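Have a look at the structure below before the remarks.
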Amino acid sequence: MSVGATAPTEAGGSAREAIARHDRKAADRAVAARVDGKLVDLSAPVANGTRVEPVLPDSADGLEVLRHSTAHLMAQAVQELFPGTQVTIGPVIADGFYYDFVRAEAFTPEDLTKIEKKMKEIVSRNLKVTRHEMPKQDAIELFRTMGESYKVEILEGIPEDVVSVYSQGDWKDLCRGPHVPATSKLGVFKLTSVAGAYWRGDSKNAMLQRIYGTAWANREDLDGYLKRIEEAKQRDHRRLGPLLDLFSIHPIAPGSPFFHPNGALVYNLLVRYIRGLYGRYGYTEVITPLIYKTELWKTSGHYEAFHDDMFLMTQDEEEYGVKPMNCPGHCYLFATRKHSYRDLPIRYADFSRLHRFEPSGTLQGLTRVRSMTQDDAHIYCTPDQLDGELGSFIAMVREVYGAFGFEKIEVTLQTRPEKFLGRVELWDAAEAALARSLEAAGYAVKVLPGEGAFYGPKIGFDFRDVLERSWTLATVQIDCAMPERFGLEYTTREDQPATPVMIHRAVLGSIERFIAILLEHTAGAFPLWLAPVQAKVLTLTERQEAFGGEVVATLRARGLRAELDARNEKLGYKIRQAQLEKIPYMLVVGDREAAEGKVAARLRSGEQLPPMTVDELIARVAAEAKEPSC
Ligand SMILES: [Zn+2]
Ligand SMILES: [Zn+2]
């Protein structure tokens with residue numbers, strides 16, 4: 001709801017008074033106001049005839065003010081409980097806030113509970129939150145006497161001469177605002193975690209303690225959010241990966257996953273699936289070197305733009321770099337022979353391993369790694385062929401997303417950034433071609449101005465998972481720089497030299513990251529064709545071991561991945577374990593099944609199928625177990 005109101009005619013009234021004149025209830029509910037489009041405190045004075053709107057707690061602006069004010073509330077609670085603790089910064093983030101503190105002892109989970117309690121108490125004190133403006137120099141003195149050296153450092157870096165300080169009770173903080181008018185407006189919050197963070201994000205600086213929290217307009221929204229993060233924890237691929245014995249990461253190779261047999265199987269099945277599509281979509285696969293002389297990266301422009309993210313080494317006084325991407329190698333390969341317009345398009349696909357020196361603090365499971373493989377390809381074509389190539393790529397994206405049941409897709413078009421390589425005309429033409437292709441495919445497009453890569457504009461196909469989180473998987477970029485930098489050429493129909501158009505594209509993106517996303521989306525219950533173990537035979541007693549072995553052998557002979565659990569354990573225990581392993585088909589065999597040559601199948605959903613012969617079972621699962629492109 002958004003209510004418009006006009007300011008009172010008498011001068012000197014506050015935003016709150018202006019709103020109240022128009023809508024008393026909105027004035028009571030509001031947490032801040034928007035005056036001439038600017039977000040301000042409800043106490044802010046407004047000039048005659050100004051448009052004033054209430055900011056209600058459940059709006060996007062309102063949540064921002066609530067979360068921001070709750071960060072201050074937390075800081076006050078922390079300083080009341082732990083005197084001597086210094087405050088630094090406390091911004092709002094997606095769904096919540098954090099505040100970074102300086103304190104010798106580490107905050108414990110018990111401390112978080114204490115802080116929450118103290119916060120509730122300050123809420124019930126109903127302290128007025130007031131703004132004071134003062135010369136910067138006075139503020140520096142104020143925070144110096146308070147022992148807040150970080151605030152002093154922040155103030156010294158502020159260009160303005162006048163700054164604002166907010167107080168609630170006798171507690172003060174430097175802030176631009178706006179805030180809720182009183183602490184009683186707060187209360188629906190939860191502190192979620194504590195972590196280390198460097199001052200100003202620089203590892204050379206002191207390590208601070210960051211407390212994260214979340215705040216909402218009402219209890220229902222808070223509960224919904226807490227449920228979502230609990231579900232996300234359960235689905236976290238860093239938890240499921242080791243649990244399903246798919247992969248692990250060790251200090252000996254930071255950011256470089258070890259794929260265990262189960263994980264390597266899933267990995268290779270994904271590559272096989274994409275490889276299968278390549279035949280139909282006209283790609284040819286190439287194998288290119290992992291290590292190049294840095295001359296290659298200097299030509300491509302990566303040495304300058306990407307230097308810090310590369311693994312570099314010197315051998316025989318020559319500098320080499322491990323490739324962070326395939327494109328420069330493909331351009332070099334393209335240039336090793338002459339091309340006519342008749343050869344184009346050329347579509348080089350490459351599943352090569354890539355290495356990027358991501359900072360250790362940013363590494364995260366399979367989603368942020370130093371070693372990865374992409375379903376990468378580069379297309380070289382004539383300008384006339386560009387639209388057809390983009391159309392064909394979009395068709396492939398749709399086919400793959402369809403195969404995985406990814407239905408909620410949002411498309412973004414990312415255009416020329418401030419720093420870019422190549423000519424502006426090429427950029428304009430490339431952006432127009434990408435927009436045309438999306439229109440032809442019937443997508444509603446969100447344009448992200450200036451978000452393109454430094455060498456060309458880009459389309460991202462974002463998939464929304466079951467937890468409503470958005471992930472960019474497929475991307476396509478038109479390169480406005482590399483073909484010219486490498487002097488790539490083909491001969492036109494008129495026998496003239498021309499520069500080919502170069503397209504970078506991937507459908508799954510990095511295979512590592514795709515596995516992480518699929519794991520979290522499915523909670524580890526991979527579709528049958530990807531499940532490392534598709535069926536597990538569970539015997540009741542050792543009397544069925546021989547028959548169980550036969551069932552497994554028959555399934556394997558028919559191309560299914562089956563295992564036998566003939567351990568001397570209770571059936572309930574075996575089922576529970578298979579359930580944890582997300583086994584799609586649990587085949588129970590007791591004396592009766594063994595005598596009749598049947599199995600009693602149980603699905604991971606809990607559904608029980610009537611006893612059937614192995615042949616009947618295979619007939620049932622054959623289609624489901626098939627790779628989607630076959
Ligand atoms: Zn503030
Ligand atoms: Zn590329």
Side-chain angles (χ1 to χ4, degrees), residues 31-32 39-44 61 64-76 87-93 97-100 127 129-133 139 151 154 158 163-168 171-183 185-186 213 215 283 286 288 296-297 300-302 305-306 323-334 346-352 354 356 372-380 393 421 430 452-459 474-483 485-486 488 500-507 509-510:
V31 290
L39 213 52
V40 297
D41 291 326
L42 283 167
S43 60
D61 284 340
E64 172 121 12
V65 172
L66 277 182
R67 287 168 186 160
H68 176 94
S69 299
T70 308
H72 282 274
L73 176 69
M74 173 172 81
Q76 181 177 6
V87 287
T88 65
I89 55 157
V92 170
I93 50 172
F97 60 87
Y98 67 76
Y99 213 120
D100 286 348
L127 301 174
V129 180
T130 48
R131 178 188 174 96
H132 316 274
E133 292 191 355
K151 289 286 177 191
I154 293 169
I158 290 178
V163 298
S164 53
V165 172
Y166 278 82
S167 57
Q168 42 200 49
W171 185 80
K172 291 184 179 59
D173 198 358
L174 171 74
C175 189
R176 286 200 171 86
H179 294 121
V180 295
T183 56
K185 285 274 181 190
L186 307 172
Y283 289 81
V286 293
T288 51
L296 183 84
W297 317 110
S300 69
H302 286 100
F306 217 76
K323 68 175 164 190
M325 63 260 302
N326 293 307
C327 355
H330 288 181
C331 287
Y332 189 89
L333 176 64
F334 182 92
I346 284 175
R347 306 182 190 92
Y348 289 149
D350 201 328
F351 289 103
S352 176
L354 306 172
R356 297 180 185 173
M372 84 200 93
T373 287
Q374 297 173 329
D375 60 333
D376 194 19
H378 296 99
I379 302 170
Y380 300 91
F393 173 70
L421 295 179
F454 67 94
Y455 52 84
K458 174 177 175 180
I459 297 175
T475 54
V476 56
Q477 284 163 290
I478 299 177
D479 200 306
C480 299
M482 240 184 278
R485 291 177 77 101
F486 276 93
L488 303 188
V501 177
M502 178 180 179
I503 303 171
H504 308 246
R505 39 59 73 225
V507 183
S510 117

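Every number for a ligand or one of its atoms is a count from 1 in the order of the listing. Worth saying up front: this structure is predicted, and the values here are computed from it rather than measured.
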Asp41 (side chain) donor-acceptor with Ser43 (main chain) under 3.5 angstrom: no

Donor on one side chain, acceptor on other, Lys323 and Ser352, under 3.5 Å: yes

Metal site angle (apex the Zn ion (ligand 1)), NE2 from His72 and NE2 from His179, 10 degrees: 100°

Cys327 atom SG and His378 atom NE2 as seen from the Zn ion (ligand 2), angle to 10 degrees: 100°

N, O or S atom of His330 closer to the Zn ion (ligand 2) than 2.8 Å: no

Distance-only polar pair, side chains of Tyr99 and Asp173, donor-acceptor under 3.5 Å: yes

His504 atom (N/O/S) at minimal separation from the Zn ion (ligand 2): ND1

Between Tyr455 and His504, ring centroids under 6.0 Å: yes

His68 atom (N/O/S) at minimal separation from the Zn ion (ligand 1): NE2

Backbone N/O of Phe351 and side chain of Asp375: donor-acceptor pair under 3.5 Å: no

